[in-house]
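These values consider heavy atoms only, across backbone and side chains, with no hydrogens, waters or symmetry-generated copies. Throughout, residue positions are numbered sequentially from 1 according to the sequence presented.
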Amino acid sequence: MANQFKPWTLNELEHLKEVWPNKPREEVITALPERSYKAIMTKARRLSIPRGNLRQPRVYLEGSDVPYLAGIIDGEGSIMIGRRKYLSPVIISVGNTNFELIYWIDQRVPGFVTRYDNPSGNRKPQRKWVIHEMATAQALLRLLLPHLIVKRKVAQVALDFLDSRLQHPRRRYNEREVRLSEQTILLNRRGKIPEALDG
């Protein structure tokens with residue numbers, strides 16, 4: 001059990017300086033098993049050890065993975081902007097009955113995999129891969145954009161939104177971001193694309 005009154009050892013302080021700036025909570029706790037996370041956080045604050053930006057893009061695509069995933073998203077995927085006006089980011093998802101494909105994507109761009117089945121009829125069970133962490137979505141769209149065809153326009157709009165949004169992620173959408181959000185709704189709508197967005 002963690003002991004908040006036990007003096008910190010030199011070895012613990014070295015571990016703290018090493019892991020606190022850029023490691024996720026789980027790794028911090030693993031590195032300092034005798035300390036509670038609250039005690040670790042308090043000690044780091046007292047020693048003025050800064051907590052870095054942990055929202056680093058998690059995209060592990062190599063070589064032919066990029067055009068392959070672009071083709072999957074063109075055919076089976078979705079790129080949208082959340083309608084909430086605070087923190088809802090771009091949402092990229094792929095749904096498929098091939099579980100192996102969904103987990104292949106999740107290994108290379110870690111997100112969330114959910115199950116969604118149609119209780120009626122004889123349709124196969126499906127899995128859906130989703131990411132909505134902004135830095136990862138931005139990095140992924142930048143890689144995919146040159147290879148997208150069907151969803152190139154909506155991807156560019158979403159990327160423009162993210163480039164703006166990441167400058168002030170905790171504020172309400174500004175007017176430009178609202179317009180970009182509305183554009184993705186129109187681009188994702190079935191049927192003819194409005195002339196103002198076509199071309």
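When all heavy atoms are compared, the tightest approach of I131 to P110 is CG2-O, 3.8 Å. Pairing each heavy atom of T136 with each of P57, the nearest pair is OG1-CA, 3.7 Å. For R176 against S164, the heavy-atom pair with the smallest separation is NH1-CB, 3.8 Å. The shortest non-hydrogen separation linking I79 to A155 is CD1-CB, 3.9 Å. Taking all atoms of both residues into account, the shortest heavy-atom contact from E177 to R172 is OE1-O, 4.1 Å. Nearest approach of I81 to A158, heavy atoms of both residues: CD1-CA, 4.4 Å.
Note on V59 and L145: same hydrophobic cluster, where clusters join Ile, Leu, Val, Met, Phe, Trp and Tyr whose side-chain heavy atoms are under 4.5 Å apart, directly or indirectly. Both Y37 and L16 are members of a single hydrophobic cluster when ILVMFWY side chains are connected at heavy-atom separations under 4.5 Å.
Under the side-chain contact (heavy atoms from CB on, under 4.5 Å) criterion, V19 pairs with K23, V28, A31, sequence neighbours left out. N96 meets the side-chain contact (heavy atoms from CB on, under 4.5 Å) test with E76, N98, L101, I102; sequence neighbours excluded. Listed by chain and residue number, H147 satisfy the side-chain contact (heavy atoms from CB on, under 4.5 Å) test with P67 (two or more places apart in sequence, or in another chain). By the ring pair (Phe, Tyr, Trp, His ring centres under 6.0 Å) test, Y103 pairs with no residue at all, sequence neighbours left out. With sequence neighbours excluded, the residues satisfying salt bridge (Lys or Arg N to Asp or Glu O under 4.0 Å) with D65 are R108. Residues passing the side-chain contact (heavy atoms from CB on, under 4.5 Å) test with T30: none are found, sequence neighbours excluded. Not a single salt bridge (Lys or Arg N to Asp or Glu O under 4.0 Å) links D160 to another residue, sequence neighbours left out. Scored by the salt bridge (Lys or Arg N to Asp or Glu O under 4.0 Å) test, R142 finds D163 as partners (sequence neighbours excluded).
A distance-only check finds a donor-acceptor pair linking the side chain of R152 to the backbone of L148 [under 3.5 Å]. Looking at W129, its side chain does come within 3.5 Å of a backbone N or O of V109 through a donor-acceptor pair. A donor-acceptor pair under 3.5 Å is formed between the side chain of K151 and the backbone N or O of D74. No side-chain donor-acceptor contact under 3.5 Å links R115 to the backbone of P125.
Side-chain contact between Y173 and R165 is present, with heavy atoms from C-beta onward closer than 4.5 Å. Between V113 and K128, every side-chain heavy-atom pair lies at or beyond the 4.5 Å cut-off. Residues I72 and Y68 have side chains in contact (heavy-atom distance under 4.5 Å, counting atoms from C-beta outward). In this structure, F161 and V178 have side chains that are not in contact, with every pair of non-hydrogen atoms separated by 4.5 Å or more. Contact annotation: the side chain of L144 approaches that of V66 to within less than 4.5 Å [non-hydrogen atoms, C-beta and beyond]. Inter-residue side-chain proximity for V90 and M134 is flagged as unmet; no heavy-atom pair is nearer than 4.5 Å.
Here the CG atom belonging to L32 is positioned 10.0 Å from the CD atom belonging to E18, to the nearest 0.5 angstrom. Rounding to the nearest 0.5 angstrom, the gap separating the CD atom in E12 from the CZ atom in R35 is 4.0 Å.
Ring centers of W104 and F99: at least 6.0 Å apart, outside the cut-off.
For F112, the CZ atom is loosely surrounded, since the number of other residues' heavy atoms within 6.0 Å does not exceed 12.
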Only pairs under 3.5 Å count here: list side-chain donor-acceptor contacts from residues 38-49, not counting sequence neighbours, and write none if there are none.
residue : atom : partner : partner atom : Å
T42     : OG1  : K38     : O            : 2.9

For a side chain to side chain contact (heavy atoms under 4.5 Å, CB included) check, start with the C-alpha distance between L69 and L143, then their side-chain angles and the critical distance, and finish with the verdict.
CA-CA 10 Å; L69 181 55; L143 284 174; over 6 Å; no

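Using a 4.0 Å cut-off between a side-chain N of Lys or Arg and a carboxylate O of Asp or Glu, R58 and E133 do not qualify as a salt bridge.
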